[in-house]
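Count residues from 1 along the sequence.
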Amino acid sequence: MNKTIIKASGKVERFERQKLINSLTRSGAPEDIAGHIAGQIEKKIEPSSTTRYIYKLAHDMLNRYNSALGMRYSIKKAISMLGPSGYPFEKYFARVLDHYGYGVELNVIMKGYCVSHEVDILASKENRHFIIECKYHGNGSKPTDVKVALYVNSRFADIRKACEMQAGHRDAVHEGWLVTNTRCTEDAIVYAECAGIRIISWKYPDRRSLEKMIEDKQLYPVTILSPIKKDILEALFLNNFILAQDIADVDEQTFIKKSGIDKGTAARLKQRADEICVGL
């Protein structure tokens, strides 16, 4: 008998065992372990079961099997902890782009045809330039709607027009991006595709979604090493420890010296970072 679950939006959909297996194997779980966990969870599903409940069961079971896999499975939650201002998310995504070969600048003031704009990220690659607006939601279930896509396109159009007014089109910009840590509404996606704005969001596009970019190169934010107190997280970001890999790449004494955090906390974070980045 088909079982149903309730999504964060309130929509009821059919439980798909293979989808759960795929999410577990993306975290590094062997196929047989992923299948076993999915089977155990399927037995526990009731008509009132939510996706949040499914996630918690999967995370707990995976964590018992291997703590590093449990951390990897919590990517979405980790990204939602990059707040509340949104700037840590901008800084984090800039680092992701850096690992994909982009040159990046944060919080750049660019002159538009009508007004000046503060651009979250100005990225460049192969002589092409991209204006990127990052939309962060602390509530991971809140979708990014078409108003944000309209806003991104209007800013891009104003800056592009100013660039085109210059002789020889110096400092041309070629594309506007909307990057968000949640899903986008259907209207936002339709509008962006029509207007020529690139969207990178949760689960979209299929081959270049936010979580796909993270998983393909294991670019986990330091928040995946939770729990981390707010003051410790601020110290890590201030000292450019953005990715878990940044911690794994240095020895413990260097990490303590560069991060400025206490030895006990540093040792715990270093151990977790090594677990998730170095080996299972």
Side-chain angles (χ1 to χ4, degrees), residues 26-29 52 55-100 104-107 120-121 134-141 179-182 202 210-211 213-280:
R26 283 199 304 270
S27 300
R52 183 184 294 272
Y55 162 78
K56 187 178 186 308
L57 285 176
H59 178 265
D60 290 349
M61 290 182 185
L62 197 56
N63 197 54
R64 286 196 294 272
Y65 170 72
N66 184 292
S67 60
L69 293 180
M71 283 188 281
R72 287 180 176 181
Y73 191 67
S74 60
I75 292 175
K76 188 173 185 180
K77 181 181 178 182
I79 294 174
S80 72
M81 294 167 65
L82 292 170
S85 67
Y87 178 65
F89 178 62
E90 297 167 18
K91 200 169 184 180
Y92 167 66
F93 189 70
R95 287 295 304 279
V96 171
L97 287 177
D98 177 65
H99 279 263
Y100 277 88
V104 292
E105 295 180 70
L106 283 159
N107 305 115
D120 290 342
I121 302 173
C134 295
K135 184 64 176 177
Y136 164 83
H137 294 288
N139 179 356
S141 63
V179 177
T180 179
N181 64 308
T182 63
W202 199 254
L210 180 59
E211 76 274 21
M213 292 181 73
I214 295 167
E215 289 167 346
D216 283 355
K217 292 184 179 285
Q218 298 185 1
L219 303 174
Y220 309 114
V222 291
T223 45
I224 208 166
L225 309 175
S226 64
I228 302 178
K229 292 181 179 179
K230 183 180 178 182
D231 60 330
I232 299 297
L233 188 57
E234 289 174 350
L236 291 174
F237 272 87
L238 181 65
N239 292 290
N240 288 315
F241 288 98
I242 312 299
L243 307 176
Q245 189 67 55
D246 296 333
I247 300 174
D249 283 343
V250 297
D251 61 72
E252 188 173 315
Q253 291 305 312
T254 301
F255 176 48
I256 292 170
K257 182 178 179 180
K258 288 188 174 181
S259 67
I261 63 179
D262 66 272
K263 292 182 179 180
T265 302
R268 176 176 61 82
L269 292 177
K270 172 63 175 167
Q271 181 181 4
R272 284 173 171 263
D274 288 347
E275 286 177 1
I276 196 171
C277 298
V278 178
L280 300 176

Checking [X] now: which residues fulfil salt bridge (Lys or Arg N to Asp or Glu O under 4.0 Å) with it, not counting sequence neighbours?
X: Glu105; answer: none
X: Arg268; answer: none
X: Glu211; answer: Lys203

Would you say NZ of Lys91 has more than 12 non-hydrogen atoms from neighbouring residues, nucleotides or ligands within 6.0 angstrom?
yes
Neighbour count above 12 (heavy atom, 6.0 Å) for Lys258 NZ
no
Met81 and its side-chain contact (heavy atoms from CB on, under 4.5 Å) partner, picked from Ser74, Ser226, Pro221:
Ser226
Less than 6.0 angstrom separating the ring centers of Tyr55 and Tyr73, yes or no?
yes
Between Arg26 and Glu215, is the closest basic N to carboxylate O distance under 4.0 Å?
yes
Quick test of your reading of the model: are Lys270 and Asp274 salt-bridged, counting only N-O distances below 4.0 Å?
yes
Hey, could you give me the CZ/CG distance between Arg95 and Leu243, rounded to the nearest 0.5 Å?
4.5 Å
Can you tell me how far apart CG (Leu57) and CG (Leu62) are? Round to the nearest 0.5 Å.
12.0 Å
Between Lys217 and Tyr100, is NZ or CZ placed under 6.0 angstrom from the six-membered ring centre and within 45° of the ring axis?
yes
Any side-chain heavy atom of Leu106 within less than 4.5 Å of one from Phe93?
no
Side-chain contact test, heavy atoms from C-beta onward, threshold under 4.5 Å: evaluate it for Ser80 versus Asn139 and give yes or no.
no
Step-by-step side chain to side chain contact (heavy atoms under 4.5 Å, CB included) determination, Val179 to Asp120:
CA-CA 10 Å; Val179 177; Asp120 290 342; over 6 Å; no
